[in-house]
Engineer: 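Got a structure for you, questions after.
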Amino acid sequence: MLIDRLLRRRSSTEKQTSQTVCFAPIGGCLIACEDKVLSAGDWRPRNAEQVNFLKRYYYDFREVLKTLPELESLASESADEVSRFLSDRGFSISIDRIDPPGIGVASVFKLLLEWVRPGTTCWVRNKEYPAVRIGRNHQFFSSKHAQNPIVSIVTRNGDVVRMTAFDHPPHEFELAELVREIDRSAKPNNDFNGVIFPMITYNEQIDISWVHGMETQGIAGPWIISQAIQQTKFRMNEFGAKVESAVAMGVLLGYCPGPPPKPDLIIDKPFLLWIKREGLEIPLFIGHFAEEHWKNPGKLD
């Protein structure tokens, strides 16, 4: 199966590192760019990652993204203004100078979740790492695509946080697909009471260079993404969890080449020539000329 094949790619001896996937601010940047350059929102992908993002996420959820209260975006001709927008919201990423007629776009996604009932602090791994225990009133599941049971915790605003121990998951789009498969195949598990999980403090820059080169058609021509960077923060404790993710992009107005010039017709063999006049069915002149007569005639008068 797809997910099993993805998991087999990861070696059990490979060092595990944290990773995050937050598509919302990437989509927010694209929407801000569309609004700024008067694009219809049709993007031309240049690689498989861009195809996956557009088809599996962006086009399906673009209208939903426009209504998210947690998503804030900006488009500007000034890189300094884009940097201030990000800095004012607690992010350190920025984009390089933008030469006219380029633009910069930024999008910030912030979501604060509170547990319905605060947990208690504890430890995991022989008191090596701080953790949280939340007792009762949770749903637990099992899935053929998950290595361990899954806990589902409802928060005060109705959002749900799900967690499951998992070794060596795939990356980015494959990780997003794995989570979808887990949710689709989840079945109730009644073996547990409460849940204990580690506290989290995460703040990293995410490589989203796969976005580079994607373009959309605006009124002035094609706009091409030349810069893209993401910073994501995630914190979780006994009171809840907070997601903060920002994306900044530089978008350049590209040259829109016309169709390539057509090749010349080269006549270098004996050729036929005729002269027509409107109203006459028979040409005024017909000739076929071989090499013996290929000569400069000089003046024609």
Side-chain angles (χ1 to χ4, degrees), residues 18-37 39 41-98 102-112 171-176 179 202-216 218 223-235 241-254:
S18 297
Q19 60 170 314
T20 56
V21 177
C22 188
F23 290 143
I26 301 177
C29 278
L30 298 191
I31 292 170
C33 179
E34 293 164 12
D35 291 344
K36 184 71 173 179
V37 304
S39 163
D42 295 324
W43 292 86
R44 289 186 285 274
R46 301 297 186 189
N47 56 46
E49 289 86 355
Q50 293 175 10
V51 170
N52 280 336
F53 175 75
L54 293 173
K55 288 188 175 181
R56 296 188 181 184
Y57 181 81
Y58 185 63
Y59 290 145
D60 286 343
F61 299 104
R62 176 166 52 192
E63 297 308 311
V64 175
L65 290 175
K66 292 179 181 179
T67 67
L68 286 182
E70 298 88 358
L71 192 63
E72 185 182 5
S73 303
L74 169 80
S76 172
E77 290 83 2
S78 168
D80 290 339
E81 185 178 2
V82 171
S83 296
R84 284 195 301 272
F85 173 85
L86 293 165
S87 178
D88 290 346
R89 287 151 184 81
F91 292 92
S92 60
I93 57 172
S94 61
I95 56 175
D96 297 334
R97 173 182 170 180
I98 304 168
I103 64 169
V105 290
S107 185
V108 171
F109 176 75
K110 291 190 176 185
L111 176 61
L112 175 62
H171 292 299
E172 292 184 290
F173 296 99
E174 293 177 349
L175 179 59
V179 170
Y202 175 94
N203 183 358
E204 296 291 337
Q205 290 191 12
I206 314 299
D207 180 7
I208 56 168
S209 57
W210 54 266
V211 177
H212 292 175
M214 192 161 61
E215 67 178 76
T216 188
W223 291 84
I224 304 168
I225 298 175
S226 60
Q227 305 177 53
I229 188 169
Q230 183 172 27
Q231 181 182 356
T232 298
K233 307 175 186 180
F234 182 76
R235 291 172 285 170
K242 187 173 185 180
V243 181
E244 300 174 276
S245 187
V247 170
M249 294 181 183
V251 189
L252 299 179
L253 179 61

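Since the model is a prediction, treat every value here as computed from it, not as a measurement.
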Engineer: Treating Arg56 as the side-chain partner and Ala176 as the backbone partner, does any N or O pair qualify as donor plus acceptor under 3.5 Å?
Structural biologist: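 Judged by distance alone, no pair lies under 3.5 Å.
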Engineer: Tell me whether Arg84 is salt-bridged to Glu81, with the criterion being a basic N under 4.0 Å from an acidic carboxylate O.
Structural biologist: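 Here Arg84 does not pair with Glu81 in a salt bridge, since their nearest N and O are not under 4.0 Å apart.
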Engineer: Please name the pair of heavy atoms, one in Ile224 and one in Gly254, separated by the smallest distance, quoted to 0.1 Å.
Structural biologist: CD1-CA, 4.1 Å
Engineer: Asp207 and Ser209: side chain to side chain donor-acceptor pair (under 3.5 Å), yes or no, with the steps?
Structural biologist: CA-CA 6 Å; Asp207 180 7; Ser209 57; 2.9 Å; yes
Engineer: Tell me the closest heavy-atom pair linking Phe91 and Lys110, and the distance in Å.
Structural biologist: CE1-CE, 4.0 Å
Engineer: At what distance, to the nearest 0.5 angstrom, does CD1 of Ile208 lie from CD of Glu49?
Structural biologist: 12.5 Å
Engineer: In sequence, state the C-alpha distance, the side-chain angles, and the governing distance for Ile31 and Arg62, and then conclude on side chain to side chain contact (heavy atoms under 4.5 Å, CB included).
Structural biologist: CA-CA 8 Å; Ile31 292 170; Arg62 176 166 52 192; 4.0 Å; yes
Engineer: What's the shortest heavy-atom distance between Ser73 and Ser107, and which atoms?
Structural biologist: OG-OG, 2.9 Å
Engineer: Pick out which of Glu244, Gln231, Arg235 makes a side chain to side chain donor-acceptor pair (under 3.5 Å) with Asn203.
Structural biologist: Gln231
Engineer: Roughly how far, to the nearest 0.5 Å, is the NZ atom of Lys233 from the SG atom of Cys22?
Structural biologist: 13.0 Å
Engineer: Is a donor from one side chain sitting under 3.5 angstrom from an acceptor on the other, for Glu34 and Trp43?
Structural biologist: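 Present: a donor and an acceptor within the cut-off.
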Engineer: Parallel, tilted or perpendicular: which describes the rings of Phe173 and Phe23, with under 30° parallel and over 60° perpendicular?
Structural biologist: parallel
Engineer: Heavy atoms only: give me the nearest Ile98-Ile95 pair and the separation to one decimal.
Structural biologist: CD1-CD1, 3.6 Å
Engineer: Return the minimal non-hydrogen interatomic distance between Leu86 and Ala248, and the atom names on each side.
Structural biologist: CD1-CB, 3.7 Å
Engineer: So do the side chains of Glu172 and Asn52 get within less than 4.5 Å of each other, counting heavy atoms only?
Structural biologist: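 Result no, sub-4.5 Å side-chain heavy-atom pair not found.
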Engineer: Check whether any side-chain N or O of Thr232 sits under 3.5 Å from a backbone N or O of Ser245 as a donor-acceptor pair, and report yes or no.
Structural biologist: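 Judged by distance alone, no pair lies under 3.5 Å.
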Engineer: Strictly distance-based, threshold 3.5 Å: is any side-chain N or O of Gln205 a donor or acceptor partner for the main-chain N or O of Ile229?
Structural biologist: no
Engineer: Evaluate the criterion side chain to side chain contact (heavy atoms under 4.5 Å, CB included) for residue pair Trp223 and Ile103; output intermediate values, then yes/no.
Structural biologist: CA-CA 9 Å; Trp223 291 84; Ile103 64 169; 4.1 Å; yes
Engineer: How long is the straight-line distance from CG of Leu65 back to CG of Leu71, given to the nearest 0.5 Å?
Structural biologist: 6.5 Å
Engineer: Within a radius of less than 6.0 Å around NZ of Lys55, do more than 12 heavy atoms belonging to other residues, nucleotides or ligands occur?
Structural biologist: no
Engineer: Quick one, Glu215 with Arg46, criterion side chain to side chain contact (heavy atoms under 4.5 Å, CB included). Give me CA distance, side-chain angles, the key distance, then yes/no.
Structural biologist: CA-CA 8 Å; Glu215 67 178 76; Arg46 301 297 186 189; 2.3 Å; yes
Engineer: Are the side chains of Met249 and Leu30 in contact, using a 4.5 Å heavy-atom criterion?
Structural biologist: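 Of all side-chain heavy-atom pairs linking Met249 with Leu30, at least one is under 4.5 Å.
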Engineer: I'd like to know if the side chain of Gln50 and the backbone of Val211 have a donor-acceptor N/O pair within less than 3.5 Å.
Structural biologist: yes
Engineer: Looking at every heavy atom in both Ala246 and Ile93, which two are closest together, and how far apart are they?
Structural biologist: O-CD1, 3.6 Å
Engineer: Got a donor-acceptor contact below 3.5 angstrom from the Lys36 side chain to the Val105 backbone?
Structural biologist: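 Here the side-chain-to-backbone pair does not exist.
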Engineer: Kindly compute the distance separating CZ (Phe234) from CG (Leu111), expressed to the nearest 0.5 Å.
Structural biologist: 9.5 Å
Engineer: Quick check with a 6.0 Å cut-off and a 45 degree axis cone: is Arg89 positioned over the face of Phe85's six-membered ring?
Structural biologist: yes
